[in-house]
Colleague: 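Encoded as structure tokens, here's the structure I'll be asking about.
Remember, it's a predicted structure, so these values are computed and weren't measured experimentally. Each chain gets a letter, A, B and so on, in the order the sequences are listed, and its residues count up from 1.
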Amino acid sequence: MRSHVRRRQAERDGCRPRRSCDAVPGVPSGQPGQSGSNQLTVSRSECSPPRSRSPQRRASGRPGLARKCGGSHAGPQVSARNRRRSQQGPSKVMPRDVRPRCSLSRADGPARRVALSQRRYGPGARRRSPAVNEVARSCKLVSMAKREIAELLGGAVGVGTEVAVRGWVRTRRDSKAGLSFLQINDGSCFASLQVVADGTLPNYVQEVQHLGSGCAVTVRGELVESLGRGQSVEIRATEIAVEGWVDDPDTYPISPKRHSFEFLREVAHLRPRTNTFGAVARVRNCLAQAVHRFFDDSGYLWIHTPIITASDTEGAGELFRVSTLDLARLPRDADGAPDFSDDFFGREAFLTVSGQLNVEAYCLALSKVYTFGPTFRAENSNTSRHLAEFWMIEPETAFADLSDNADLAEALLKHLFRTVLEERADDMEFFAQRIHPEAIRRLQAVVDQPFERMTYAEAVRALQNAKTKFAFEVSWGSDLQSEHERYLTEEYVRRPVVVTNYPKGIKPFYMRLDDGGETVAAMDVLAPGIGEIVGGSQREERLDVLDIRLAECGIDPEPYGWYRDLRRYGTVPHAGFGLGLERTISYVTGMANVRDVIPFPRTPGSADF
RNA sequence: UCCUCAGUAGCUCAAUGGUAGAGCAUCCGGCUGUUAACCGGAGGGUUGUAGGUUCGAGUCCUACCUGAGGAGCCA
């Protein structure tokens, strides 16, 4: 939402303008972490509104529900206009952004349909395992009849079965013949489920005909073959219970129409309700799970490296300070500088910029390890490829050299891409249709071919021989500019490329010095459209060389005593790299901005939500 | 941090210095096993903020705020 709109809304609300979501009209002001229904973990049965609903009860705003759910916005604030609506006819909308995109031919045989559906609707389409069902029943979270939409569309439930689904209305289309069609989405897969609501339902006129985008419902009915085109099965509803109304459809930001990503960033708490951000969330989860599966299957241990670090490590960017000192009365030493000896940790502390140094310690005892978690950079970077808080995957392998390291990076990336193509085919189909036409094809190409590998020296030669005019001249010893990386990966080899053995002057102290003494055993994996997606190296395992490199880089060795110890006691060659999760998701989905592949992006000047 | 561009209805955008417009969304009416539904109507605006130039500013000038793209830094 634009600033002036926020301001106007804020003024109407009688508060100071803020750059946050709580000025969004019609949206609850409670934020996660504050008291409000968002935070409650009560089960649905505790939170459900009464079954029988008269217009009077709706008009009352259901005070009982609001009380139980801990926030006034839990129930609808039914206005005079809404009451008027309940006596009048419906409207019809069917936006481009929410129409179903996966359909199954009704001519397909049942077996083929199930197989096809499981591929299209993801792992959620698989029948739940007996163990999961048992746990679910014992927790009273679901009854046997309640199903995820992915299961229903995936063929896990036979036609003719009585089922219940819960989710949010995407659209409603009415027929004056006394029939309404609801598209229901529960996030379990890309597709929405069509619900046929007959005019004989007891709440048809008073409630069903007023459902719109964003309303939460529980639908019970029979799974039937669809009479219409566009879906193979649908639910013929016998009961539609409205769990949560949309207070004011006029100002609900996720109206059924196309929205710009810039606008949706301003309503980050509601954007997961769109096709795009639901798909991104499922792909992100798929990739994260695949990371753990890959390393677990390969014998790597997941090491939980610390979020708070004491050392200003390796100059990997600016750090966020973690402190409990009173900023208004900062203790100072004799020189007038802030005195951190009184601080919580008795010294300066920061949010980690990388788990690498810590994970090296575990590598030199457990051989194969990785860390995967959030990292933080206080750089004032304003680009589509940078976040102040992002997630990084950092494996570290003992008894491994640079070549082994590149092999591991290639195997990991191929595993991730293969997995997402298999398990999130429905979402990938959407990305290929709407976000990036090459999304599927280029992933398949990466999976099918070996990565191109070249040394920095070869890359420089290729750039010098290129016909392309560069803004920055290429010469040995200077770092590759964005335009150079783009040329290499987008024009020269046209797929991911591994560049190795960079000059030591442009790389950090911990990278292993090559035999010539001019280059280090560094490697970057460059991806088309993204640039550097992986950065890694063989580490310097020789203490004497490490000390020289620390001195050359002008780094005080004192805070690195523990890191030097690793070279004093049983040192071995080892190597590792960092893979940025958001850049990976960006490459996989074709989403151009990493701010749109993390749920709540943190960037300079922006930490709303 | 630097460079460039942009802020007008809920959203996406028009509007020679001279009365503020469209499409979509919302609401209402009509029509239909619908599926980007369709047809008709209605409501909706301190043109980002503060100054300035002018008889007159959405439009020109200055500063600031916000956003985007690119660069640097990096994952």
Side-chain angles (χ1 to χ4, degrees), chain A residues 1-9 11 17 19 24-26 81-82 84-85 88-101 103 170-183 192 194 196 198 210 212-213 226-231 234 246 248-267 315-318 353-354 375 377-387 390-394 471-472 479 481-483 508 524-525 527 530-536 577-584 586 592-595 603-606:
Chain A
M1 177 173 305
R2 297 256 152 65
S3 57
H4 70 285
V5 179
R6 281 196 296 269
R7 238 184 321 273
R8 276 204 302 276
Q9 177 68 26
E11 282 159 12
R19 296 180 54 248
V24 173
R81 190 164 54 80
N82 279 0
R84 197 167 59 244
R85 245 192 325 163
Q88 293 167 336
S91 67
K92 305 99 190 173
V93 285
M94 186 54 188
R96 161 193 294 252
D97 202 37
V98 293
R99 65 180 165 166
R101 284 181 190 82
S103 62
R170 286 291 177 83
T171 62
R172 188 195 74 243
R173 298 178 295 275
D174 295 320
S175 160
K176 267 292 184 294
L179 213 54
S180 289
F181 301 92
L182 302 173
Q183 292 294 137
S192 297
Q194 175 158 288
V196 184
D198 193 85
H210 304 287
S213 178
S226 179
L227 297 178
R229 277 177 297 180
Q231 59 280 317
E234 62 193 19
V246 168
D248 184 1
D250 196 31
T251 55
Y252 179 55
I254 314 299
S255 56
K257 70 178 289 292
R258 268 206 177 281
H259 297 288
S260 67
F261 292 144
E262 290 83 2
F263 168 69
L264 290 171
R265 267 170 230 151
E266 296 175 349
V267 287
E318 297 290 314
V353 293
S354 164
T375 48
R377 305 272 167 93
E379 295 286 353
N380 192 5
S381 296
N382 295 288
T383 81
S384 56
R385 306 177 306 282
H386 289 86
L387 293 164
F390 64 100
W391 285 59
M392 192 153 61
I393 298 133
E394 296 175 282
F472 292 88
D479 208 353
Q481 304 289 313
S482 288
E483 56 175 345
D524 286 350
V525 178
I530 310 291
E532 185 178 341
I533 192 171
V534 165
F577 61 83
L579 169 65
L581 179 65
E582 285 73 21
R583 288 185 182 179
T584 306
S586 186
N593 196 316
V594 289
R595 293 166 192 146
T603 52
S606 172

Colleague: Without swapping roles, check the side chain of A:Gln194 against the backbone of A:Gln231 for a donor-acceptor pair under 3.5 Å.
Modeller: no
Colleague: Compare side-chain N and O positions of A:Arg385 against OP1 and OP2 of B:C73 and report whether any pair is under 4.0 Å apart.
Modeller: no
Colleague: Would you state whether a donor and an acceptor, one from the side chain of A:Asn382 and one from the base of B:U1, lie under 3.5 Å apart?
Modeller: yes
Colleague: Counting side-chain heavy atoms from C-beta on, which of B:C74, B:U35, B:U12 comes nearest to A:Gln194?
Modeller: B:U35
Colleague: Can you tell me, in whole Å, how much space there is between the C1' of B:U12 and that of B:U19?
Modeller: 25 Å
Colleague: Searching all strands shown, indicate the nucleotide that pairs with B:G56 (Watson-Crick or G-U wobble; both distances under 3.5 Å).
Modeller: none
Colleague: For the side chain of A:Thr383 and the backbone of A:Arg385, is there at least one donor-acceptor N/O pair under 3.5 Å apart?
Modeller: yes
Colleague: Which base sits across from B:G44 as a Watson-Crick or G-U pair, both distances under 3.5 Å?
Modeller: none
Colleague: Scan A:Asn593 against the nucleic acid and name what it touches under 4.0 Å (heavy atoms): base, sugar-phosphate only, or nothing.
Modeller: sugar-phosphate
Colleague: Roughly how many Å apart are B:A42 and B:C65, using the C1' atom of each and rounding to a whole number?
Modeller: 36 Å
Colleague: Just compare B:G72, B:C11, B:U35 and give me whichever is closest to any side-chain atom of A:Ser381.
Modeller: B:G72
Colleague: Would you check if the side chain of A:Glu379 reaches a backbone N or O of A:Glu318 as a donor-acceptor pair within less than 3.5 Å?
Modeller: yes
Colleague: Is it the case that the side chain of A:Thr375 and the backbone of A:Phe390 share a donor-acceptor pair, with hydrogens and angles ignored and the cut-off at 3.5 Å?
Modeller: yes
Colleague: Could you tell me how far B:C2 sits from B:C11 if I compare only their P atoms? Round to whole Å.
Modeller: 30 Å
Colleague: How far does OG of A:Ser384 sit from CZ of A:Arg583, to the nearest 0.5 angstrom?
Modeller: 9.0 Å
Colleague: In whole Å, I'd like the distance from the CG atom of A:Asn380 to the P atom of B:C3.
Modeller: 13 Å
Colleague: Given atom CZ of A:Arg265 and atom P of B:G69, what is their separation to the nearest angstrom?
Modeller: 6 Å
Colleague: Report which part of the nucleic acid A:Ser384 touches: base, sugar-phosphate, or nothing (heavy-atom distance under 4.0 Å, all strands).
Modeller: sugar-phosphate
Colleague: Using the C1' atom as the point on both nucleotides, what is the distance between B:U34 and B:G70, in whole Å?
Modeller: 46 Å
Colleague: For B:U12 and A:Ser260 - does any side-chain N or O of the residue sit under 4.0 Å from the phosphate oxygens OP1/OP2?
Modeller: yes
Colleague: Taking the C1' atom in each of B:G43 and B:U54, what is the distance between them to the nearest angstrom?
Modeller: 36 Å
Colleague: So does A:Glu262 reach the base of B:U66 with its side chain, donor to acceptor, closer than 3.5 Å?
Modeller: no
Colleague: Nearest nucleotide by nearest heavy atom, which residue falls closer to the 5' end of RNA chain B, A:Ser213 or A:Glu582?
Modeller: A:Ser213
Colleague: Using only side-chain N and O atoms of A:Thr375, determine if any of them is under 4.0 Å from OP1 or OP2 of B:A75.
Modeller: no
Colleague: Closest-nucleotide mapping onto RNA chain B: is A:Arg595 or A:Arg583 further toward the 5' terminus? I mean the 5' end.
Modeller: A:Arg595
Colleague: A:His386 has an atom NE2; how far is it from atom C1' of B:C73, in whole Å?
Modeller: 6 Å
Colleague: Pick the C1' atom in B:A57 and in B:C38, then give their distance to the nearest Å.
Modeller: 42 Å
Colleague: Could you measure between the two P atoms, the one in B:A63 and the one in B:C5, and give it in whole Å?
Modeller: 14 Å
Colleague: Could you tell me which nucleotide pairs with B:U66 by Watson-Crick or G-U wobble geometry, both distances under 3.5 Å, or answer none if nothing does?
Modeller: B:A6
Colleague: Across all strands, who's sitting opposite B:C38 as a Watson-Crick or G-U wobble pair, both distances under 3.5 Å?
Modeller: B:G30
Colleague: Choosing from B:A75, B:G72, B:G33, which nucleotide comes nearest the side chain of A:Leu227?
Modeller: B:G33
Colleague: May I have the distance from A:Leu579 (atom CG) to B:C74 (atom P), rounded to whole angstrom?
Modeller: 18 Å
Colleague: Using purine N1 to pyrimidine N3 plus N6-O4 or O6-N4 for Watson-Crick, or N1-O2 and O6-N3 for G-U wobble, both under 3.5 Å, which nucleotide pairs with B:U1?
Modeller: B:A71
Colleague: Sticking with atom C1', work out how far B:G48 lies from B:U66, rounded to a whole angstrom.
Modeller: 7 Å
Colleague: Side chain of A:Lys257: nearest nucleotide among B:A25, B:U1, B:A75?
Modeller: B:A25
Colleague: Round to a whole Å and report the spacing from CZ of A:Phe263 to C1' of B:C24.
Modeller: 13 Å
Colleague: Which base, if any, makes a Watson-Crick or G-U wobble pair with B:A22, both distances under 3.5 Å?
Modeller: B:U12
Colleague: Do A:Val267 and A:His259 have side-chain heavy atoms sitting under 4.5 Å apart?
Modeller: no
Colleague: Any sub-3.5 Å donor-acceptor pair from A:Ser180's side-chain atoms to A:Arg172's backbone N or O?
Modeller: no
Colleague: Measure distances between side-chain N and O atoms of A:Arg173 and base N and O atoms of B:C38, and say whether any donor-acceptor pair falls under 3.5 Å.
Modeller: no
Colleague: Is A:Val534 touching bases, backbone alone, or none of the nucleic acid, heavy atoms closer than 4.0 Å?
Modeller: sugar-phosphate
Colleague: Please indicate yes or no: is the ring centre of A:Phe181 less than 5.5 Å from the centre of the six-membered base ring of B:G33, with the two planes inclined by under 30 degrees?
Modeller: no
Colleague: Any base atoms under 4.0 Å from A:Ile530, or only sugar-phosphate, or nothing? Heavy atoms, all strands.
Modeller: nothing
Colleague: Within this structure, what is the CG-to-P distance between A:Asp174 and B:C39, rounded to whole angstrom?
Modeller: 17 Å
Colleague: Is there a donor-acceptor pair under 3.5 Å between the side chain of A:Ser586 and the backbone N or O of A:Glu582?
Modeller: no
Colleague: What is the distance from CD of A:Glu483 to P of B:G72, rounded to the nearest Å?
Modeller: 8 Å
Colleague: Searching all strands shown, indicate the nucleotide that pairs with B:G17 (Watson-Crick or G-U wobble; both distances under 3.5 Å).
Modeller: none
Colleague: Whether the side chain of A:Arg377 engages the backbone of A:Val353 through a donor-acceptor N/O pair (distance < 3.5 Å, no angle test) should be reported.
Modeller: yes
Colleague: Figure out the CZ/P separation between A:Arg258 and B:C13, and round it to whole Å.
Modeller: 13 Å
Colleague: Could you check whether A:Glu234 gets within reach of a base, just the sugar-phosphate, or nothing at all, counting any heavy atom under 4.0 Å?
Modeller: base
